[in-house]
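First up is the structure itself, then whatever we jot down about it.
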Protein chains: 4
Amino acid sequence: MIFINFKAYREAFGRNALELAKIAENVADRSGIYIAVAVNYLDLPLIARNVSIDVFAQHVDAVEFGSFTGSVNAEMLKEYGARGSLINHSERRLTLADIDFCVNKLRALGMNSIVCTNNVSTTSAVSALKPDFVAVEPPELIGSGIAVSKAKPEIVENAVVSAKRICKDVKVLCGAGITNHEDYVRALDLGADGVLLASGIVKAKDQKKALEELAGLL
Amino acid sequence: MIFINFKAYREAFGRNALELAKIAENVADRSGIYIAVAVNYLDLPLIARNVSIDVFAQHVDAVEFGSFTGSVNAEMLKEYGARGSLINHSERRLTLADIDFCVNKLRALGMNSIVCTNNVSTTSAVSALKPDFVAVEPPELIGSGIAVSKAKPEIVENAVVSAKRICKDVKVLCGAGITNHEDYVRALDLGADGVLLASGIVKAKDQKKALEELAGLL
Amino acid sequence: MIFINFKAYREAFGRNALELAKIAENVADRSGIYIAVAVNYLDLPLIARNVSIDVFAQHVDAVEFGSFTGSVNAEMLKEYGARGSLINHSERRLTLADIDFCVNKLRALGMNSIVCTNNVSTTSAVSALKPDFVAVEPPELIGSGIAVSKAKPEIVENAVVSAKRICKDVKVLCGAGITNHEDYVRALDLGADGVLLASGIVKAKDQKKALEELAGLL
Amino acid sequence: MIFINFKAYREAFGRNALELAKIAENVADRSGIYIAVAVNYLDLPLIARNVSIDVFAQHVDAVEFGSFTGSVNAEMLKEYGARGSLINHSERRLTLADIDFCVNKLRALGMNSIVCTNNVSTTSAVSALKPDFVAVEPPELIGSGIAVSKAKPEIVENAVVSAKRICKDVKVLCGAGITNHEDYVRALDLGADGVLLASGIVKAKDQKKALEELAGLL
């Protein structure tokens with residue numbers, strides 16, 4: 001499984017976002033690998049209508065409908081076709097109570113939650129909330145090009161073991177520094193169910209080629 | 001001038017949002033009053049394409065393009081047709097440095113900023129940043145149905161005088177509790193350039209009638 | 001075990017704080033019950049020197065020594081004699097990463113962590129971080145005078161079971177609405193190791209009598 | 001005027017803090033320059049009792065007495081002898097509404113507010129709140145050793161002019177990168193009333209010598 005976080009990169013916003021989502025759809029079809037994208041709120045409606053792969057939000061606010069100026073809640077995401085949302089990304093940390101709220105809300109709506117964590121112990125903690133996915137990303141490696149699966153394999157292995165001990169159904173993604181097929185395979189070898197990455201694809205000179213390589217098509 | 005904040009109200013989201021925006025457009029046409037709407041990120045692309053009135057975001061993040069998962073910046077809003085953004089609403093307060101960043105960024109992009117404040121002194125402070133609009137809303141009256149222009153006219157008057165002393169071009173809106181034409185007229189009499197309101201229209205049994213009444217068409 | 005959170009109550013600040021801490025010490029001696037107090041930063045140095053019971057901070061920042069204007073870290077607390085700190089109180093929520101940081105830091109320094117949570121699932125999550133204590137406090141009951149152990153006994157029971165399943169050594173406190181001996185006993189009956197309370201003692205007309213009653217001395 | 005922010009530096013905490021405060025008192029006496037220190041909450045009570053110079057907090061929470069676990073308000077600071085507080089330091093940013101609250105509260109208590117800002121426009125904005133001091137510190141120069149008064153003299157000059165135009169009584173400090181007497185004199189030449197600095201003194205090999213040099217005693 002490959003999740004691509006478009007972040008607020010210009011290369012993955014607006015027209016670029018739709019193109020990259022189409023590339024992801026194409027590579028998913030050809031490789032047979034599950035690929036999903038996490039896109040900007042403004043891009044989400046258009047992309048969700050135009051690709052067959054799962055589209056996630058990058059964040060969801062821990063609120064219901066009501067007096068919450070500027071907030072986007074889970075039901076809103078669902079209405080526009082999102083499959084779920086990233087929660088607690090290192091660039092958008094939440095309180096524990098809000099993570100819990102969002103995981104429960106998404107589950108109640110039949111949507112998927114991907115909760116980001118920074119190490120093994122927070123991965124265990126989040127697993128107790130029974131999200132669909134936990135994505136462990138050592139913050140110091142995010143955007144570094146140094147794959148966590150290479151540089152700190154023990155974090156991935158321990159995160160997987162710890163997470164599944166607490167909630168056997170939780171899927172574990174590993175993030176931070178993933179850029180190529182070797183990193184991806186290594187992550188799976190370490191027990192991860194998939195990877196979450198961003199700049200490795202989004203900032204690549206040739207996004208299509210980068211994703212094909214990641215998916216093992218080259 | 002009338003600005004309607006759709007907040008995260010169910011009555012002003014999705015299909016409801018487009019309908020309400022169309023009502024606003026219609027009432028603006030018939031009354032000759034400038035009416036604009038501040039909508040949810042997810043609704044913004046569709047609404048901006050489908051109405052001729054100005055469409056604002058309810059919040060904008062103080063970032064450029066880059067590694068900012070979950071963020072929406074001013075350029076993104078512009079690309080999707082937003083006229084500008086509310087900033088620092090009481091339900092989404094920002095640091096002063098971030099307010100300043102957003103006001104400058106919107107100005108540089110030829111967009112409009114509406115900075116919300118809670119009293120006379122913060123209205124003065126914000127005016128020094130030279131936004132297009134300052135919207136003063138005593139938090140205790142927001143959603144109360146008690147119009148600030150009636151209950152605390154001196155706040156509106158003093159906010160107007162203080163704001164224009166510091167920046168003569170800034171327009172002052174008054175918010176909190178505005179629901180009917182009388183409140184609106186009173187706000188203008190006190191020197192305000194317009195009103196910012198939400199529940200008074202959005203939560204009305206008959207939104208169209210409520211807006212027509214506010215605009216003096218009934 | 002009884003933990004009294006002095007919050008920012010005037011009745012538990014400055015001279016009042018020292019008096020109340022002395023009362024707590026006295027009641028602890030006479031009842032044989034472990035009683036500890038969580039006091040304001042400014043009061044902490046004096047109180048820690050003047051009572052024999054454990055003194056906690058109400059919050060600790062997730063930082064080391066360094067460029068962190070306005071922050072108080074765990075080592076600082078230790079230097080002034082604190083036994084540990086409350087973490088993530090509902091009035092001072094932290095991100096999960098910061099809760100994890102503080103729990104680890106306090107443990108490394110031989111200090112005690114008391115992490116506040118709002119329900120059963122967040123109690124489980126926090127237990128995975130292996131703090132010394134988890135204090136479950138349904139936010140809607142805090143300061144209500146309605147004891148969680150009476151109003152929602154299943155929350156206490158389930159919190160205890162869930163917490164110990166994940167970390168058998170973690171001690172579970174229950175908070176929110178606890179005011180008298182009956183509430184306290186009921187909490188213990190439900191499996192809690194103790195209670196965390198604030199207004200029930202601090203805002204009592206006669207703090208000493210209230211604490212004696214709570215501890216079963218009357 | 002020289003304000004020394006002790007931050008959360010180990011070299012300015014606990015015993016070190018008292019020593020450095022004593023050095024500041026001594027240099028103030030000998031140089032005739034007003035010198036004040038902004039210290040950690042835990043150190044504040046002891047230092048305020050033991051030096052004759054003004055002692056400030058590094059932050060104050062925008063709350064009254066009440067249910068505010070972990071908060072320190074202005075009255076608490078006053079009770080322990082603080083002269084006032086830094087507000088909105090770049091390492092502890094506040095919302096505009098909270099800055100306003102704190103400035104007003106400190107003024108009402110006869111205490112002094114020092115509000116930190118990051119550029120000319122936010123300095124103007126803060127001046128409208130009528131604090132006692134505005135300390136302009138371009139964030140990119142904080143801790144850099146490159147004095148703002150040398151590297152960006154126009155920021156200091158423009159901040160002074162803009163601030164006094166809006167509130168003639170406000171005193172302007174300049175911060176960021178100040179380390180020696182030349183930087184200090186240049187700041188005064190540019191119209192500043194004084195300087196706010198931290199690492200330049202706190203992290204100096206010989207703190208006393210560094211402060212004597214800054215004050216022009218060497």
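Quantities reported herein were computed from a predicted structural model and do not represent experimental measurements. Protein chains get the first letters and strands the later ones, always in sequence-line order, with residue 1 at the start of each.
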Q: Examine whether an atom of C/N119 lies under 4.5 Å from a heavy atom of chain A, and if so say whether it belongs to the side chain, the backbone or both; otherwise answer neither.
A: side chain

Q) How far apart are the closest heavy atoms of C/T122 and A/A97, and which atoms are they? A) CG2-CA, 4.3 Å

Q | Nearest atoms (heavy-atom pairs only) where C/S121 meets A/L129 | A | O-CD2, 3.4 Å

Q. Got a second to check how far A/D100's CG is from C/N118's CG, nearest 0.5 Å?
A. 6.0 Å

Q: Could you tell me which of A/A125, A/S90, A/A128, A/S162 has the largest number of non-hydrogen atom pairs under 4.5 Å with chain C?
A: A/A125

Q | Side chain, backbone, both or neither of C/L94 within contact of chain A (heavy atoms, under 4.5 Å) | A | backbone

(Q) If I take atom OG1 from residue A/T95 and atom CG from residue C/D98, how far apart are they, to the nearest 0.5 angstrom? (A) 11.5 Å

**Q.** CD1 on C/I99 to CG on A/L96, rounded to 0.5 Å
**A.** 5.0 Å

(Q) For C/K164, I'd like to know if atom NZ has over 12 heavy atoms of other residues, nucleotides or ligands within 6.0 Å. (A) yes

